[in-house]
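What follows is a set of notes on a single structure, which appears directly below.
Indexing begins at 1, ligand by ligand and atom by atom, following the structure's order.
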Amino acid sequence: MFSYKEEFKKSFVTRMERKGMEKTAELAYETLWEMTQEWIQKRWNRTNQLYRDNNEKKLYYFSIEFLIGRVLGQNLINLNFYDTVKEGLDELGLQLSEIEELETEPGLGNGGLGRLAACFVDSLASLGLPGHGYGLRYKGGLFTQHFVNGYQTEQPTQWIQQEHNVDIRREELAVDISYYGEIQVVMGLDGLKVNVENPEWVKAIPYDMPVVGANGGTVNTLRLWQAEVSDRPFPGREDYAVYEHETAKITDRLYPDDSLEAGKILRLKQQYFLCSASLQTILNNRSFSIEALPENAAIQINDTHPALAIPELMRLLIDDHALSWDQAWDITTRTISYTNHTILEEAMGKWDSRLIQSLLPRIYLIIEEIDRRFKKSLQQQELDEEALHKLSIIENGTIKMAVLAVVGSYKVNGVAKLHTEILKKREMKELNEQFPNKFHNKTNGITHRRWLLKANHELSGLITEAIGPRWIKEPERLSELHYFAQNHSFLQDFQAIKSLKKEHLIHHLQRNQNVVVDPDSIFDIHIKRFHGYKRQLMNILHIQMLYDRIKRDPTYRPYPRTFFFGGKAAPSYHFAKQVIKMINTVASKVNSDPLARKHLHVVFVENYNVTQAEYLIPAADVSEQISTASKEASGTGNMKLMMNGALTIGTFDGANVEIFEEVGQENAFVFGMRAEQVMQYEKEKSYNPKEIIDSDSEIAQLMEELIKGEWTDGKNNVDFIVGQLMEDSDPYFVLKDFRSYSKAHEQILKAYAHPEKWAEMCVKNIAASGIFSSDRTIQQYSNDVWHLTKIPSIY
Ligand code: 26Y
């Protein structure tokens, strides 16, 4: 055990010397990496031994994304070694922060859903609960974003290195996955049996990554599957080069372009690969009878991407374990539960029946049978056409994965109160009526171990000085900070830390992007995936308006603000890409104008990812959470920013509603339509943006400039934006909420003019943020859905 600095230093130096090379940061990284892996390995072995001895029920979290971020620093924090190592290295003339920068972040996710999965596995291990993640080991991860002339370009990301990888190959646990083939019904010993003849085989190799819980007590496993050629013979394998190439593509990258059929097949292959490999490994390595699966394993599917787990588990139970349909259905629907993350129609997973039929013929038959039986069970009720439509799994040649996921699981949850209500009352009303006890809410959370302890070491220290260290284990104790919200010296310390974190961000951006930011300006931060409903467009239009005002009105000289954007657009999402181009164009226009630049600065942080988030979030004064009410299922960036003492400008949407409830609306800047109003407009189809343009001359002026292409480097770059904003009665109501958004920004300026009062509001936000720790969320899932037992801690 290296709990003491001197011991650490001794061992570190010996190892460095053994390598016998120059003392570079790279070598230090390698050495520290090895040492950390050794510390972890011991604890990992112990945890696994305990699991074998105790045979407790386990949770498996299936997710197509795990956005874990860099692991070295986080592991040191969770092991409680961070400070010791940092000081030890300092004394050896090395900087831990520099060493950390050498790690390439694995980009195995895109946004909130993937980061949530990462926060959840951290909380599971930290609470000492037996819960493991199952995902895919994409070679490339999500693309790297660069701007060329203001346009987003996408380059493949390479995170897997030859040495010092974060995961361990487990060859001995490989399983085979089959695609295609022809269905044959044969007479077996116990009656008819379905066989698939001549399928194509692919091998799935697991790579295991340790998930280190708080205090290093429990180390769980994140298992990521990689596709490789199978040893099994099958027709078609002769053309080996093609086979090898096609196989490697399965885990080559996250979200391959699916605008063409080949891309769709690839995504389907990925989803099935994840489900089949994970289920096979669970069933192969069990120590209980197959009938006892639900008492021994809970499987949570993260959105519909892994919903094929339902028919795949049925297939394994019926075809491989010779159970009857009814037995298999009973087991499946007591093992699997489903989390929904969206109400957006286009993001609800749907597959063309023909695609599944050809790629996964046996799975198709099972889905058909699930649908047939479910429809049959509905026959006694007098349901209207609309209800039948909402309740069908297969309809007009389409398979609706969300309906399959609800029917085939024992619990279904939304990710914030409002979202769950919308699911129950609107999107999934009919399903909720059929299964009244299935739906429940679990408001998302974030791990404070990454988003406060790691990302904001300084603020964490200040909090501990004020209220003692117990909040680290019990984050709801952050509420004790309320006593300090009016304590002058505490507020001053808070302000000093905010300034320091701004400096860190400035330094980081200077190094990476060569931009220089005014540390005294208000840091207004809008970071998330690019999407219409998240309304980055509203933010940039507002900046355009501010610019116009500064130019037009010599008395309008507002306090300096820096508007930060960060986020990626899906490569084929043209509207979102135009918004990116617009932000970059506005940025160069505003930033190069000497007058405007005194008051406004627009910074688009290239290639937003977890590492960048760790710089941006602690430095934020203002958190932009401005989605069209009803569209953002929860949001989790809102929680991270609040926990770091930023004030939210936001709509009544997703978890914002609960944030406002906790902190009080007087400590936030709330604006815009409510979800009911939005839904009313949608129902009546009565929103007409032209009315707003006609009645508001300033907005009319903005639109005029926009249409001329003045803010986008020409008209060609604005057609999707203009089309959506004005012609198609914008589904995201940008102009409708624009005025109240702009007023909320005026309130921000007024509030910021009183620094101490502002700091007080920030501290109240931190104090109210404890409930948004994912430890709380995970404990609720465990109590209500998974029923896990804590394993005794050994360290
Ligand atoms: C397959 C494709 C269409 C697709 C790809 C990615 C569909 C959805 C997604 C990702 C969705 C996502 O990240 N959703 C976010 O999940 C967070 C965690 O629950 C929520 O906080 C957030 O509101 C939601 O947008």
Heavy atom of the protein closest to atom 13 (O) of ligand 1 (residue, atom name, distance): Leu113 N, 3.0 Å

Can you see whether Glu154 engages Gln152 through a side-chain donor-acceptor pair at a distance of less than 3.5 angstrom? yes

Is a side-chain donor-acceptor pair under 3.5 Å present for Thr636 with Asn444? no

Glu395 with Lys400: basic N within carboxylate O range, under 4.0 Å: yes

Quick one: look up the protein heavy atom nearest atom 2 (C) of ligand 1 and list residue, atom name and how far away it is. Arg267 NH1, 4.1 Å

Nearest protein heavy-atom contact for atom 19 (O) of ligand 1: which residue, which atom, what distance? His341 ND1, 2.6 Å

Atoms in ligand 1 flagged as close to Ala633, the criterion being non-hydrogen separation under 4.0 Å: 23 (O)

Heavy atom of the protein closest to atom 21 (O) of ligand 1 (residue, atom name, distance): Gly635 N, 2.8 Å

Give the contacting part of Asn444 toward ligand 1: side chain, backbone, both or neither, where contact means a heavy-atom distance below 4.0 Å. side chain

Between Tyr533 and Glu632, a side-chain donor and acceptor under 3.5 Å: yes

Can you report which non-hydrogen protein atom sits closest to atom 22 (C) of ligand 1, along with the distance? Glu632 OE1, 3.4 Å

Can you report which non-hydrogen protein atom sits closest to atom 6 (C) of ligand 1, along with the distance? Tyr255 OH, 3.2 Å

I'd like to know if Glu261 and Arg354 make a salt bridge, using a cut-off of under 4.0 Å between side-chain N and carboxylate O. no

Nearest neighbour in protein (non-hydrogen) for atom 4 (C) of ligand 1: His305 NE2, 3.8 Å

Distance to 0.1 Å, residue and atom name: give those for the protein heavy atom nearest to atom 11 (C) of ligand 1. Arg529 NH2, 3.7 Å

So which bit of Phe120 gets within less than 4.0 Å of ligand 1, heavy atoms only: side chain, backbone, both or neither? neither

What's the verdict on salt bridge (charged side-chain N to carboxylate O under 4.0 Å, His left out) for Asp784 and Lys442, showing C-alpha distance, side-chain angles and the deciding distance? CA-CA 10 Å; Asp784 302 346; Lys442 288 290 164 284; 3.0 Å; yes

Output yes when the distance from some N or O of ligand 1 to some N or O of Tyr533 is under 3.5 Å, and no in every other case. yes

Residues in side chain to side chain contact (heavy atoms under 4.5 Å, CB included) contact with Glu345, at least two apart in sequence or another chain: Lys350

In this structure, does ligand 1 have an atom that sits under 4.0 Å from one of the heavy atoms of Arg115? no

Test: Glu614 and Arg450 ion pair at under 4.0 Å: yes

Between the side chains of Arg223 and Ser278, is a donor N or O closer than 3.5 angstrom to an acceptor N or O? no

